[in-house]
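Read the structure below first, then the notes.
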There are 2 protein chains.
Amino acid sequence: MPNGIKVPMPTLERLANYLTIFSDLKIRNVETVSSADLESRAGINAAQFRKDLSYFGEFGRPGIGYNVNELQARISRILNLQKTQSVLLVGAGNLGAALAGYHPLRTENFQIVAAFDNNPNKIGKQLWDLTIQDIDEIISVNKVLQARIGIIAVPASAAQETAERLVSANVVNILNFAPTFIRIPSNVTVRHIDFLQELAVLSYYLPEDD
Amino acid sequence: MPNGIKVPMPTLERLANYLTIFSDLKIRNVETVSSADLESRAGINAAQFRKDLSYFGEFGRPGIGYNVNELQARISRILNLQKTQSVLLVGAGNLGAALAGYHPLRTENFQIVAAFDNNPNKIGKQLWDLTIQDIDEIISVNKVLQARIGIIAVPASAAQETAERLVSANVVNILNFAPTFIRIPSNVTVRHIDFLQELAVLSYYLPEDD
DNA sequence: ACCTCTTTGTGAAATAATGCGCAATCTAAG
DNA sequence: CTTAGATTGCGCATTATTTCACAAAGAGGT
Ligand SMILES: NC(=O)c1ccc[n+]([C@@H]2O[C@H](COP(=O)([O-])OP(=O)(O)OC[C@H]3O[C@@H](n4cnc5c(N)ncnc54)[C@H](O)[C@@H]3O)[C@@H](O)[C@H]2O)c1
Ligand SMILES: NC(=O)c1ccc[n+]([C@@H]2O[C@H](COP(=O)([O-])OP(=O)(O)OC[C@H]3O[C@@H](n4cnc5c(N)ncnc54)[C@H](O)[C@@H]3O)[C@@H](O)[C@H]2O)c1
């Protein structure tokens, strides 16, 4: 929803995090929180929280704080999560299986609606409640499903090709788990989750006692 | 390796990425690259690449560029990857299974050396080449293994408890896959991979055609 | 109605990261 | 040995993000 205002990327990333925190609070029957509460409870910076929200309007009441339900609803709307988003998965391997079987997805308003692979031994088999489909069918399948988000869970060597197939199937946003850089048209957004990169950063922070 | 110089976190994150790119280049028998080559090949900004490296010394030769082998070796050393790092995995569920079976780990100098769970039905079973162990044994097991990095792949509700167990087992760096905030002592570094957060950010960037 | 206490929303200051521009360095060729 | 061409490393300007600090807003008590 890239509207008029220019929202910093770190703000956007935190926004999604706030949602998680609010789910937690709801479970604990917390109805109202102040930004200071949030800071002590969830380690988020109070000033930053308020600043983040300020890009999108006014959300709280001075002297009181924020209504958990209302804030959750409004952040969901900001992130286009008011209705469930369909997601395509390419690569029905180990990671793909974990993702397809990942239940919180549903409650957070995402749903993997189709899984694709190019391995003839996998095509037609079940992956949880999905039947694995031939990647060659992706364009026609998505003509029906109209998903706009795709996940790449194929080996790095097939990632570029997969990205191109997703784009040709009309997907506009891609989450890439393969450890490789992907060239895409500028109207497509890619986010990259790189497990090895995260481990490498941690490794840097190891104390060098040995 | 938090030595004298203060390295920006984004630089560190990119450094790990550069390693991936160099592996690629080696496969294609590229011996030397300039920062400009890198920009056109891998979408990284040439000036930024040079700046990133400059925190750690001099790596290239004016007029020529960088030697791929040498640079890979030096970045590996910066990130403490010159020798294999042992990693503990807690949570032998869907995600844990994918991670434990993830082969590139080995080639990138990480190795999951033990998997733990608290489910009696899982303890003792095999997870690829590992035998799933009782989480209650983590302290004694790691007295022997001496791993310093831990992965949390348990449900969010058990994440805090798991973090504490890892810390008490002498782990100093944690990679958390559970969608929740974790309180840890300040000498421990945590990195958080949040799949739902990434999807939410993508969702924000959906064009609002509907 | 008034005072006190709390907490928001937001300009403005401070800090952090990025990207520009170029002197310095190296190669290769004549 | 000199010149031309390429490319690094890095100071510094620019841009982005975080943090501060406070006026304005509301609650609740008297
Ligand atoms: N397993 C993990 O824990 C993990 C963690 C982080 C990142 N990754 C990355 O995720 C990706 C998948 O990992 P994995 O462990 O599931 O691998 P995998 O080998 O288990 O699965 C890959 C799947 O992709 C399919 N595939 C290959 N080429 C294809 C193509 N051109 N079109 C469609 N499907 C194709 C294969 O048939 C296979 O089913 C890899 O890039 C890996 O580096 C995996
Ligand atoms: N599956 C995915 O694709 C995926 C993706 C992103 C994030 N995650 C997150 O990763 C975590 C694991 O996901 P999953 O799908 O593998 O779940 P899962 O239910 O398949 O596995 C969780 C495992 O943790 C074990 N466990 C529970 N409490 C424990 C405790 N106190 N100590 C030790 N072990 C314990 C369970 O016995 C189970 O084996 C969750 O937090 C999930 O939100 C999963």
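All values below come from the heavy atoms of this structure, side chains included, with hydrogens, waters and symmetry mates left out. Throughout, protein chains are lettered first and strands after them, A, B, ... in sequence-line order, and every chain is numbered starting at 1.
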Applying ring pair (Phe, Tyr, Trp, His ring centres under 6.0 Å) as the test, list every pair that has at least one member in residues 69-90 of chain B; sequence neighbours left out.
none
side-chain contact (heavy atoms from CB on, under 4.5 Å) against [X], all qualifying residues, sequence neighbours excluded:
X        : value
A:Pro155 : A:Ser157
B:Phe177 : A:Phe195, B:Leu95, B:Leu99, B:Ile151, B:Leu175, B:Ile193
A:Asn94  : B:Ala98, B:Trp128
B:Leu38  : B:Ile21, B:Phe22, B:Leu25, B:Val33, B:Ile44, B:Phe49

Side chains of A:Gln85 and A:Asn109 in contact at under 4.5 Å (non-hydrogen atoms):
no
Using a 4.5 Å cut-off on heavy atoms from C-beta on, say whether the side chain of A:Asn67 contacts that of A:Leu71.
no
Applying the side-chain contact (heavy atoms from CB on, under 4.5 Å) criterion to A:Ile112, which one of A:Leu130, A:Asp129, A:Leu127, A:Leu88 satisfies it?
A:Leu130
Span of DNA chain D engaged by chain B, first through last nucleotide within the 4.0 Å heavy-atom cut-off, is D:dA6 to D:dC12
Below 3.5 Å between N/O atoms, which protein atoms pair up with nucleotides 28-30 of chain C? Just atom names and distances, please.
none

Could you pick out which residue, A:Gly60 or B:Thr11, lies toward the 5' side of DNA chain C when each is mapped onto its nearest nucleotide?
A:Gly60
A:Tyr18 and A:Asp52: side chain donor to acceptor below 3.5 Å:
yes
For B:Arg50 and B:Gln48, does a side-chain donor sit closer than 3.5 Å to a side-chain acceptor?
no
Residues 161-180 of chain A vs salt bridge (charged side-chain N to carboxylate O under 4.0 Å, His left out), sequence neighbours excluded, gives A:Asp136-A:Arg165, A:Glu161-A:Arg165
Nearest-angstrom distance from the residue atom [atom1] of [X] to [atom2] of [N]:
X       : N      : atom1 : atom2 : answer
A:Asp37 : C:dT6  : CG    : C1'   : 11 Å
B:Glu39 : C:dG19 : CD    : C1'   : 11 Å
B:Leu12 : C:dA16 : CG    : C1'   : 15 Å

Quick check on DNA chain D: between B:Gly63 and A:Pro8, whose nearest nucleotide comes earlier from the 5' end?
B:Gly63
Among residues 42-55 of chain A, which residues get a heavy atom nearer than 4.0 Å to DNA chain C?
A:Arg50, A:Lys51, A:Ser54
Specify the residues of residues 25-35 of chain A, ordered by number, for which at least one heavy atom lies under 4.0 angstrom from an atom of DNA chain C.
A:Ser34, A:Ser35
Contacts under 3.5 angstrom, residues 53-61 of chain A side chains, donor-acceptor by atom type, not counting sequence neighbours:
| residue | atom | partner | partner atom | Å |
| --- | --- | --- | --- | --- |
| A:Ser54 | OG | A:Lys51 | O | 2.6 |

Side chain of A:Glu58: nearest nucleotide among C:dT7, C:dG9, C:dC26?
C:dG9
Sequence neighbours excluded - side chain to side chain donor-acceptor pair (under 3.5 Å) pairs with any residue from residues 167-181 of chain A:
A:Asn173-A:Thr189
